[in-house]
Amino acid sequence: MYQPVQLSEDIFYVGVNDRRTELFENMWPLPRGVAYNSYIIKDEKIALLDTVEIGQVEKFLKKVQAVIGDRPVDYLIVNHMEPDHAGSVNIIRQLYPNVKIVGNKKTLPMIEGFFGITENLMEVKEGDELDLGNHKLQFYLAPMVHWPETMVTFEETQKILFSADAFGSFGTLDGGIFDDEMDFSYFHDEMRRYYSNIVGKYGSPVQKALKKLGGLDIKMIASTHGPIIRSHIHEVIEMYDNWSSFKTEEGVVIAFASMYGNTEEMAEVTARAIAEAGIKNIRMYDVSKTHSSYIISDIFKYKGLVLASPTYSNELHPNMESLANKLKHMGVKDHYLGILGSFTWAGTSVKRLTELGEALKWEIIDQSVEEKHALKKQKYEECRTLGKALAEKLIAERN
């Protein structure tokens, strides 16, 4: 019934699409859905690499059985224990009671904790090999990319890297499974949104993993989310290198909270000054309307940032407070920050946003602007001055 998707003669994609879930991890919007990718190597021994989210298990099992028929699964490789990938481990154990579940030292206690499974487990260490017959698997630990037990599996014959969540993306696979079967640029923004919000805090571990894997002759990257990469390998590795080292492009994100439009007006005046100074990439977001995952994704892309908030009960506007806390939690580095604030009887927002910038060690543009009541001529000009100063910082980096 199912036409198997082949990565090579003996290696198959058996992943599924999820177009119904609205929030990934019950936090991140999925307007384009998400794919849960799993793979089978059909050799003298059969290895299944990762599973899928439990709600998708029926479709998944039909695909597995279309590939292997009545043969048993000999090894289940668990690269990552997050339930969107390990959710069906217990089902696989029930269907194939003799399957060896393969993981590292930090994986195995999680398998017991989630599923109560303590038998027929196989621990692998850095660089260990598993011989399937014609295919050999090597294991490399990638802790905190983005859980402590995460590892990747390298298939030596076809040189395929099964990369767990690394190089993954939001978005379903709509016919095209491989990057060269689609307009791959369509996935760029969702790949960055996935990285910045799910993995972004762990830039240093990602850098270590990239260096560790740099010596492998990788011909294909098979992640647990998003397209299988075979034609854009250098590009996606470069993207991950840039994001994990917090390299940015010329541009400005303006994120504002505004209850009655006064703070928004300050943001618009500042944006106009930035554009007049020669910056073309300007992304403006109302934090009460746009989910923070999209804002954070663009903050990872562009070096300039303007945060604007009214004072609300002697604090930041709650939606700006939420964004600020996420940025602080992620430890986003190396940005220029412009600050705008407004108030009616007591001003606090500029102080709070300044504390955020200082905590993250960002370079704060000196001319922060705070207006009482509606925007007036003096503060109007100060907004323009701030915008111009921020633009000049970015332009100075062109050469």
Tell me whether [X] contacts the main-chain N or O of [Y] through its side chain, where contact means a donor paired with an acceptor under 3.5 Å.
X      : Y      : answer
Lys212 : Leu141 : yes
Lys63  : Gly15  : yes
His373 : Thr344 : yes
Thr150 : Pro143 : no
Arg230 : Asp179 : no
Lys45  : Asp131 : no
Asn197 : Ser293 : yes
Gln56  : Glu53  : no
Ser309 : His317 : yes
Asn37  : Tyr13  : no

Would you say [Y] and [X] are linked by a side-chain donor-acceptor pair, where the criterion is simply a distance under 3.5 Å?
X      : Y      : value
Asp50  : Ser38  : no
Thr153 : Glu155 : no
Thr107 : Asn104 : yes
Glu156 : His135 : no
Glu149 : Asn79  : no
Glu190 : His225 : no
Lys326 : Ser322 : yes

Joint hydrophobic cluster, [X] plus [Y], side-chain heavy atoms closer than 4.5 Å:
X      : Y      : answer
Phe246 : Tyr202 : no
Leu375 : Val350 : no
Met122 : Phe162 : yes
Ile282 : Leu307 : no
Leu305 : Ile279 : no

**Asked** Is the His335 ring parallel, tilted or perpendicular to the Trp362 ring (thresholds 30°, 60°)?
**Response** tilted
**Message:** Can you classify the ring geometry of Tyr294 versus His291 as parallel (below 30°), tilted (30 to 60°) or perpendicular (above 60°)?
**Reply:** perpendicular
List the atom of [X], the atom of [Y], and the distance in Å for their closest heavy-atom pair.
X      : Y      : result
Val332 : Leu360 : O-CD2, 3.8 Å
Tyr96  : Val73  : CD2-N, 3.5 Å
Ala267 : Met284 : O-CE, 3.5 Å
Ala277 : Ile395 : O-CD1, 3.1 Å
Gly387 : Thr270 : CA-CG2, 3.7 Å
Ser196 : Met330 : O-CE, 3.3 Å

**Request:** With Tyr194 as reference, evaluate Phe167, Phe170, Trp28, Phe300 under the ring pair (Phe, Tyr, Trp, His ring centres under 6.0 Å) test and give the passing residue.
**Result:**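 The single option meeting the ring pair (Phe, Tyr, Trp, His ring centres under 6.0 Å) with Tyr194 is Phe170.
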**Message:** Just to verify, which of Asp84, Thr51, Asn17 counts as forming a side chain to side chain contact (heavy atoms under 4.5 Å, CB included) with Tyr36?
**Reply:** Asp84
**Request:** Can you establish whether the number of heavy atoms outside Lys59 located under 6.0 Å from its atom NZ is more than 12?
**Result:**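 Correct, the count exceeds 12.
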**Request:** For side-chain contact (heavy atoms from CB on, under 4.5 Å), just list the numbers for Leu132 and Leu130, CA-CA rounded to whole Å, side-chain angles, deciding distance to a tenth of an Å, and then say yes or no.
**Result:** CA-CA 6 Å; Leu132 302 178; Leu130 178 61; 4.2 Å; yes
**Item:** Check: Thr248 and Tyr302 side chains under 4.5 Å, non-hydrogen atoms
**Value:** no
**Asked** Mind checking whether Glu129 and Phe139 have side chains closer than 4.5 Å, heavy atoms only?
**Response**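 A side-chain contact is absent here, since even the closest heavy-atom pair is not under 4.5 Å.
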**Message:** Show, in sequence, the C-alpha distance, side-chain angles and deciding distance for Arg192 and Asp298, and conclude whether the salt bridge (Lys or Arg N to Asp or Glu O under 4.0 Å) test is met.
**Reply:** CA-CA 8 Å; Arg192 188 180 65 253; Asp298 271 346; 3.0 Å; yes
**Prompt:** Do the ring centers of Tyr195 and Tyr240 come within less than 6.0 Å of each other?
**Reply:** yes
**Prompt:** Ring centroid separation for Phe187 and His232, is it under 6.0 angstrom?
**Reply:**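 No, they do not, as the ring centres are separated by 6.0 Å or more.
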**Request:** Answer yes or no: is there an ion pair linking Glu123 with Lys105, defined by an N-O contact shorter than 4.0 Å?
**Result:** no
**Request:** May I have the step-by-step check of salt bridge (Lys or Arg N to Asp or Glu O under 4.0 Å) for Glu268 and Arg272, ending in yes or no?
**Result:** CA-CA 6 Å; Glu268 287 187 340; Arg272 180 59 188 154; over 6 Å; no
